[in-house]
Protein chains: 2
Amino acid sequence: MTQHRGKTGPDANVTADDVATAAGVSRWTVNRAFKKDASISPRTRDKVMEAAQTLGYVPDLRAASLASDRSNLVALLVDDFANPHKLVMMERLTRILRKHGWDTLLVNTLDRDDTGHALLNASQRRVDAVILIGIQFDDETLAAAQHARRFRKLIIFARTSQNPDTISIAVDDVAAMTEIADYVRARGYRRPFFLAGPRTVSAHLSRKETFLSRWKAHFGTEPESAEVPAYDPILAEAVVTEVLGNRPRSEMPDVLVCENDALAIGAVDVIRHKLGLRIPEDIAVTGFDDVPQCRSPNYRLTTYRQPLTEMAEYLVEVLESSEERDFDRAFTGCLVPRESA
Amino acid sequence: MTQHRGKTGPDANVTADDVATAAGVSRWTVNRAFKKDASISPRTRDKVMEAAQTLGYVPDLRAASLASDRSNLVALLVDDFANPHKLVMMERLTRILRKHGWDTLLVNTLDRDDTGHALLNASQRRVDAVILIGIQFDDETLAAAQHARRFRKLIIFARTSQNPDTISIAVDDVAAMTEIADYVRARGYRRPFFLAGPRTVSAHLSRKETFLSRWKAHFGTEPESAEVPAYDPILAEAVVTEVLGNRPRSEMPDVLVCENDALAIGAVDVIRHKLGLRIPEDIAVTGFDDVPQCRSPNYRLTTYRQPLTEMAEYLVEVLESSEERDFDRAFTGCLVPRESA
DNA sequence: AAATCTGTTGCACGCGCGTGCAAACAGCGT
DNA sequence: ACGCTGTTTGCACGCGCGTGCAACAGATTT
């Protein structure tokens, strides 16, 4: 192929063919030079790379993906951007995925009904897998996704799921919440209140039910609880205000066990600034996730840390495996005691 | 083309050809049915769509992009995930981009030296544009990006840049900081302290310099300032502690003007919990960005809100324009006064 | 020196769709 | 029924690269 393009600058559409003629090899050798474990002599590779460098050649992953039917692309579906932990997860996932050569398509799932469109979006790009780190994915949605799927794997990250067609990479909620319950009990608290997230979430069920049943098993009474419609500190504020707002001191709980930090943070703010109570002297608070704010001198939140890095590394392992086994896995995190409880 | 594939389930690789034979039309008509403003009769389109539905066909955007040289994909480069405002920006951008049919590749730029690799990543996917919302992009990096670029547009979002090859969509920092300075002065504060972010950032320069010079123009003295190495509340805590930690009350500033909310939040926490001072009675604080936390009863931060939605809509407009004009644009936000100042 | 082996290089074909144009078609008035 | 106009449909070719195999050269053995 001759240089049928006028331009020679970096804007020109340099293809492997151009590099091939420049380096005096075949096009296939050029592409081999860019492939990791390809069979090519070091000398040729250097020659090719040099030519590529001067021409400004960069392999086209669209074409590669089209030809190989492997995109090395995953879609990350997120819907609750109000939860600060999402920022942590996105950072960790994108970093580790990229380290292993995977690119990430970020899809903002507007609402429940939009999930189908989001999945369609992902399909059109022929992603190799879809990773869900949102909350609005009930089993109905997942079933639809499974039916129409054009991607090999559907992974629920940081949340357990019973769905058999789905891969769940999460922390062991039962073990974690049991540890929290025992910690709360050991610290002498006796009137806990559980602040839960939206009920569509299975993690919700595990955590809340685990705590309640664990407590009941010990003391025979089931603690109070309330439900926040989303993992949003602002909404948590509203719910806590409503539930505890005009309650006499004598009927106040002595510890607020929150399903995660997003709720706990909202709760802390309300308890201090609207109820005028001290933490932990009047009411203690626990969270879940160990978001960065927990370390702040303002919150000092007792919480539970998920091994996100380890989980992300395992995720990559799952992505790169071609087996057809059951990839579900529950990790164990660690309780992080701080001054809030 | 006959159905040379055994499977008929959704896993099968259904192509436009398959739909074509099923609907009794040509392949091109099938693709036309999926194209927005294509010339096709409603009847045929329905017929095609129905066949596509039952076969589970979804157009392949890789192939479309390859053939048309337009990917409808942008890369979003982010590096400072510690800044909560990034979460807001990511939510807004992905939402509005998707509304207009653009997909987003999220690239986590690990550090300064990694930016080149990140841009290479984007090039390989042949994104139509790269959007930077990080901080570690100095002019040197940008120049390199320009040189080796395989994307049409390089957009700096929510940050001004002098680089002529770059499109900057941001708030007018000078106007904004002038407004803040005037507000602070009007509220009677007289001993301001400016808390700035890393010096690589041009927004930094605008905001800090604007505030300092505006103040000097009025009172003849240049306020104190300190610099935090990243937009991270935790690091802001450290710097504020170091700078104000053991300073007698008489020498304390009466207002801490922060370059953005990430710094302001860290500052508020330290002032209350380590210095034991009240806000705003002892020290007032102002921020920039109006992140969700600002509304919390704990912060009630006086800040400045950028018109993110409007900016994102303009971004789309820029993406879809084929002109070669100067797209730089500065927006005007609004001051949001709260109890912190 | 011939035979063998290992590492390296070249190539036909296909991945699924867009572009631009030509052919076919329907609708209208005379 | 005829031509005319505007709409709808079909098609050749190319986008850039991967797969699997055949051909080849140099190094090693017999």
Side-chain angles (χ1 to χ4, degrees), chain A residues 1-5 12-48 51-52 55-73 123-128 150, chain B residues 1-5 12-48 51-52 55-73 123-128 150:
Chain A
M1 177 161 290
T2 63
Q3 50 246 62
H4 52 286
R5 313 175 209 284
N13 237 19
V14 190
T15 86
D17 273 311
D18 303 336
V19 179
T21 45
V25 296
S26 74
R27 177 177 71 72
W28 295 271
T29 304
V30 173
N31 291 57
R32 253 191 221 101
F34 280 88
K35 208 169 171 186
K36 196 115 180 279
D37 304 308
S39 143
I40 188 173
S41 78
R43 219 156 32 82
T44 333
R45 173 169 264 157
D46 288 349
K47 199 169 54 179
V48 169
L55 289 180
Y57 168 74
V58 177
D60 188 331
L61 286 189
R62 297 171 306 179
S65 158
L66 189 59
S68 71
D69 205 38
R70 202 154 176 284
S71 60
N72 266 272
L73 225 201
S123 299
Q124 299 193 153
R125 297 278 176 198
R126 297 296 189 268
V127 298
D128 287 334
R150 308 234 7 164
Chain B
M1 177 161 293
T2 63
Q3 49 246 63
H4 52 286
R5 312 174 210 285
N13 237 19
V14 190
T15 86
D17 273 310
D18 302 336
V19 180
T21 45
V25 296
S26 73
R27 176 177 73 71
W28 293 271
T29 304
V30 172
N31 290 63
R32 253 191 220 101
F34 281 89
K35 207 168 170 187
K36 196 114 181 278
D37 305 306
S39 144
I40 187 173
S41 78
R43 219 158 30 82
T44 344
R45 172 168 265 158
D46 288 349
K47 198 169 55 178
V48 169
L55 289 181
Y57 168 74
V58 177
D60 188 330
L61 286 190
R62 296 171 306 179
S65 158
L66 188 60
S68 72
D69 206 38
R70 204 156 173 281
S71 60
N72 266 272
L73 224 202
S123 299
Q124 300 192 153
R125 298 275 176 201
R126 295 298 189 267
V127 298
D128 286 335
R150 308 235 7 167

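All figures in this text were calculated on a predicted structure; none of them were measured in a lab. Quick note on labels: first sequence line is chain A, next is B, and so on, each numbered from 1.
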Requested in this report: Take atom CG of B/Asp17 and atom C1' of C/dC17, then tell me their distance rounded to the nearest Å.
Outcome: 10 Å

Report task. Could you pick out which residue, A/Arg45 or B/Ser65, lies toward the 5' side of DNA chain C when each is mapped onto its nearest nucleotide? Result -> A/Arg45

Query - Spacing of CG belonging to A/Leu66 relative to CG belonging to A/Asp60, to within rounding of 0.5 Å - result: 9.5 Å

Report summary line: Per atom distances to the A/Leu66 side chain, the nearest of C/dC11, C/dC15, C/dC17 is C/dC15

Query raised in the report: If you round to the nearest 0.5 Å, how far is CG of A/Leu61 from OG of B/Ser65?
Result: 11.0 Å

Query raised in the report: Which nucleotide in the set D/dC11, D/dG18, C/dG18 lies at the smallest distance from any side-chain heavy atom of A/Ala64?
Result: D/dG18

Query raised in the report: Does A/Lys47 make a side-chain N or O approach to OP1 or OP2 of C/dT8 shorter than 4.0 Å?
Result: no

Query - Distance, nearest 0.5 Å, that separates CG of A/Asp69 from CZ of A/Arg126 - result: 8.5 Å

Report task. Name the closest nucleotide to the A/Asp60 side chain, picking from D/dT19, C/dG16, D/dC17. Result -> D/dC17

**Report entry** Side-chain N or O of B/Thr29 closer than 4.0 Å to phosphate OP1/OP2 of D/dG10
**Finding:** yes

Query raised in the report: At what distance, to the nearest 0.5 angstrom, does OG1 of A/Thr29 lie from CZ of A/Phe34?
Result: 12.5 Å

Query raised in the report: Side chain of A/Ala16: nearest nucleotide among D/dT19, C/dC17, D/dC17?
Result: D/dC17

Report task. Would you mind classifying the nucleic acid contact of B/Arg32 as base, sugar-phosphate or nothing, using non-hydrogen atoms under 4.0 angstrom? Result -> base

Requested in this report: For C/dG16, take OP1 and OP2 only and decide whether either is under 4.0 Å from a side-chain N or O of B/Asn31.
Outcome: no

**Report entry** Sugar-phosphate only, base, or nothing, as touched by B/Arg27 at under 4.0 Å among non-hydrogen atoms
**Finding:** base

Query raised in the report: Taking only side-chain nitrogens and oxygens of B/Ser68, does any of them come within less than 4.0 Å of OP1 or OP2 of C/dG18?
Result: no

Requested in this report: Just compare D/dC11, C/dG10, D/dC17 and give me whichever is closest to any side-chain atom of B/Trp28.
Outcome: D/dC11

Query raised in the report: Which of these nucleotides, D/dC17, D/dT9, C/dC11, is closest to any side-chain atom of B/Thr44?
Result: D/dT9

